[in-house]
Enquirer: 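Sharing a structure with you now.
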Amino acid sequence: MDGLKRTHDCYSLTETSLNQEVVLMGWVLRRRDHGGLIFIDLRDRKGITQVVFAPEVHDESHQKAHSLRSEYVIAVKGIVRRRPEGMENPKIKTGMIEVACRDLRILNTSKTPAFSLDEEGEISENLRLKYRYLDLRRPHMVEGIILRHRVCQTMRSYLNSRDFLEIETPVLTRSTPEGARDYLVPSRVSPGCFYALPQSPQLYKQILMVSGLERYYQIVKCFRDEDLRADRQPEFTQLDMEMSFIDEDDIIDLIEGLLCLLFKETLGKAIRAPFQKLTFQEAMDRFGTDRPDTRFGLELCDISDIAAVCGLKVFQEVVSANGVVKAINAKGMGDFSRKDLDDLTGFATGLGAKGLAWIKIKEGGSWQSPVAKFFSEEEKTAIRQRLDAAPGDILFFGADRKSAVCRVLGELRMELARRRNLVPKGEFGFTWITEFPLMEYDEDEARFVSLHHPFTAPMNEDLEMLSSEPANVRSRAYDLVLNGIEIGGGSIRIHQASVQEAVFRALSISENEAGDKFGFLLEALEYGAPPHGGIAFGLDRLVMLMAGKDTIRDVMAFPKTHKAQCLLTNAPANVSMAQLAELYLKPDWKKVPK
RNA sequence: GGGGUCGUAGUUCAGUUGGUUAGAACGCUGGCCUGUCACGCCAGAGGUCGCGAGUUCGAGUCUCGUCGACCCCGCCA
C-alpha cells in the first residue's frame, strides 16, 4: 500500500482525533468536484468519511483527485479537522469532521459499476447477483452480513456456555428415503454409487447422542433439491442441536433463552418468554395453518353445526360429506366494495375454493348478503353470537374438506390483514406449535408418511394406536413459528429399537428396507441409546426476519436464482467428458443445456 | 409440472388506437466552478425495444413460440 498503514476506519473517526494525521483506506463512493476544491465520500465496511482535497493543503493530491471515479480504491493521508460552522452533515456518523488530504494514493481503479451503490432505487436482482461483489458493498447488504455473523457468534457463545460441543458431520453421506429430493454426488472409486448431500445431519446427530456426547450443536449447511421460494434456497444453513436426557420443556426453555439473548445482543430488543404455545389442532382450528402469524386476530370459527341445518344447500352438503364450514369475522371491514369482494373471491378461488360467501352486518343488525335468504332468524342469531358479529363487520365463509377450508381461510386471513394493515411492523410474534400428527396419509404413495421425520417419537399415550389408527397418533414434535414463518422445528426422538421398528411398520417401510437404509441406526439404538431430542433452526430465515428483509437471499452472501443457478459463477455448468468418464457417468446429450 | 408479474440507453422507468428520427431522470465523457455532501451550470456520447417467427403497407406496441428474473401453487420428512 505504498508504505502507508491504515490508522482508522471511516466510521469511528471523531473530534477526539482533531488535528491528528490519519490514514484511511477505502472506496470512492461519490466525488463532488468544485474545480478548486474536491470532496470525496470515502466508504469502507464501517461507514463514510468526507475527504477534502484543497490545493493550499496539498496541491499534488488535489490535482490527482480530479481523476478519481466511483469505486476507485484509495489511501488518504491527511489531517482530521472540524468542519466549518454550518457545514456539518448530521446524516453520517463522522459528519462533524473531515480529513484534509496531504497524500493521495490510488491503490486501484475501477470500471464504472453497472449500478449505483448509493442506497436509492431498486436494482434488478439479475444484476445484483451477477455483480454480487458490488451488491455486497452496499451498506444495507453489509448490515445483513454483519447481523448474521453476530447471530452466529451469539448462538455459539450461548451454547458453549451451556456445555454443548460443536461437532462437524459429513457432507458426503448416503441418500435415505423420505423427505426432500437429494443432491447426489457420484463416487469415482465406487462406480455407479452415489453420495447424497445431507438434507440435515439428523442421523449423525442421533448417533452422537448414542455415542454419549450428550450435547451437540453445529451451524451447518443443508441441501434440498426442491423448487425455490423467497424463503427457500437449495443450500441453506441450520443451527442444528441435539441433547440427551431432556424432554420438550428443556428444549423449549433453552431455545427461548437463546432467542431472548439473540434479540437483545444483536437488535437491542427485549422479547418476552415464555412464548405462546398452540397444539397443531388449535393452530389449524383457529388460524387454518400450522404456522400462524399470531400478531393479529381475525381467527377462524367453526360453524359446521349451524351450517348443517341451514337452508343453504352447499353448506348442508359439505357437512353431510364430512366437510366443515368455517367463518372469519372481518371486524369493521364491512366497507369492502363490490370490487374488493370480487377480488377477494378471486383470491379464494385461486387457492382452490369454489367460491367465497360473505355477509355484511348493517346498522340494526340486518344482513346484506347474496346468501342471507337461506338463513332463518334463529340461525342468523346463532351465527351472530358465535362470531361476535356487530354492525360494520363482514363475515366470510369457507365450506369444503377441512384441509381446503383451512388453507383458503388461513390465506384469506393473511390477505385481509395485509389489506387493512393489521400486521404490526417491527413486532415479533413467536409461537410454539406442538402435538403434531406423527404421520399423514399420502394419496399418491398410498401409505402413511411422516409429517416430521421417521425418527420422531410418538406421544406415549398414543403409542398403542400406532397400528390401529396411525392417523390419530400425535408426535413429540414442536415447531417454532415467528411472524407466520417456520423458523425451527424438532422433536424428542425414538431411542428404543422396538418403537423405531413399529414406526417403520406403520410407515410401510419394510424390514428389509429399514435394515438396508437405517440398519446402522436401529443397531445403534440397541447399544444403550439415551433418551434424546433436538431442534434445528433455519438461520437464513431467522436472520431475514431479524433484518426485516423479505427474502433469505438478502442475508446470504451468494444466493442462487429461482432456477438454482449462481449468476456470479454460472454454476451449474457442463463438465468435460473426461470428468464424466472418470465417474462412470454417461450423459444424455439431448438434455444437456446449450 | 401449473398460475401470475416483468424484460425498452449503463441504471430506474415512460412510450397514447399499430404510424415521422424511441424519450426522461440518474449515471457516463468533456468543460467551468474553493464549502459541497443526491453539489451546481454548460455541452456531448449512449438503443439488437430479451431472442425468434407471424399478422400488417408499417410492430417497442398485436399473435404465437422461446429465454431469463421474480412471486405463488404443487413440491419442501
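We name chains A, B, ... by the order of the sequence lines, and we start the count at 1 in each one.
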Enquirer: Find every protein N or O atom lying less than 3.5 Å from an N or O atom of nucleotides 24-29 of chain B, and list the pairs.
Expert:
| residue | atom | partner | partner atom | Å |
| --- | --- | --- | --- | --- |
| rU29(B) | OP1 | R69(A) | NE | 2.8 |

Enquirer: Under 5.5 Å centre to centre and under 30° between planes: does that hold for F39(A) and the six-membered base ring of rU36(B)?
Expert: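 Yes, the aromatic ring of F39(A) stacks with the base.
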
Enquirer: Pairs in or reaching into residues 47-70 of chain A: which pass ring-ring contact (aromatic ring centres under 6.0 Å, His included), with residues at least two apart or in two chains?
Expert: H62(A)-H66(A)

Enquirer: According to side chain to side chain contact (heavy atoms under 4.5 Å, CB included), who are the partners of S12(A), at least two apart in sequence or on a separate chain?
Expert: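 Here the qualifying residues are D9(A).
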
Enquirer: Who are the side chain to side chain contact (heavy atoms under 4.5 Å, CB included) partners of A502(A), not counting sequence neighbours?
Expert: L466(A), R505(A)

Enquirer: Name all residues meeting the ring-ring contact (aromatic ring centres under 6.0 Å, His included) criterion together with H34(A); count only those two or more places apart in sequence or in a different chain, and write none if there are none.
Expert: F39(A)

Enquirer: Using nucleotides 4-6 of chain B, report all nitrogen or oxygen pairs with the protein that are shorter than 3.5 Å.
Expert:
none

Enquirer: Do any side-chain nitrogens or oxygens of H562(A) fall under 4.0 Å of OP1 or OP2 in rC71(B)?
Expert: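 Yes, such a contact exists.
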
Enquirer: Using a heavy-atom distance cut-off of less than 4.0 Å, which residues of residues 42-68 of chain A contact RNA chain B?
Expert: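 The stretch gives Q50(A), P55(A), E56(A) as the residues lying under 4.0 Å from the strand, ordered by number.
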
Enquirer: Can you name the side chain to side chain contact (heavy atoms under 4.5 Å, CB included) partners of Q233(A), sequence neighbours left out?
Expert: L228(A), I552(A), R553(A), M556(A), P559(A), K560(A)

Enquirer: Quick test: give all pairs of protein nitrogen or oxygen and nucleotides 65-67 of chain B nitrogen or oxygen below 3.5 Å, distance rounded to 0.1 Å.
Expert:
none

Enquirer: Name all pairs fulfilling the salt bridge (Lys or Arg N to Asp or Glu O under 4.0 Å) condition that reach into residues 198-209 of chain A, sequence neighbours left out, sorted by first residue then second.
Expert: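 Applying salt bridge (Lys or Arg N to Asp or Glu O under 4.0 Å) to every pair that reaches into residues 198-209 of chain A, excluding sequence neighbours, yields K205(A)-D240(A), K205(A)-E242(A).
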
Enquirer: Test of understanding: with side chain to side chain contact (heavy atoms under 4.5 Å, CB included), list the residues that count as partners of E88(A), not counting sequence neighbours.
Expert: M96(A)

Enquirer: Go through residues 402-416 of chain A and report each residue with a non-hydrogen atom lying under 4.0 Å from RNA chain B, sorted by number.
Expert: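 Per residue number, the list is empty: none.
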
Enquirer: OP1 or OP2 of rC39(B) less than 4.0 angstrom from a side-chain nitrogen or oxygen of R32(A), does that happen here?
Expert: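 Looking at the OP1 and OP2 atoms of rC39(B), one of them is under 4.0 Å from a side-chain N or O of R32(A).
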
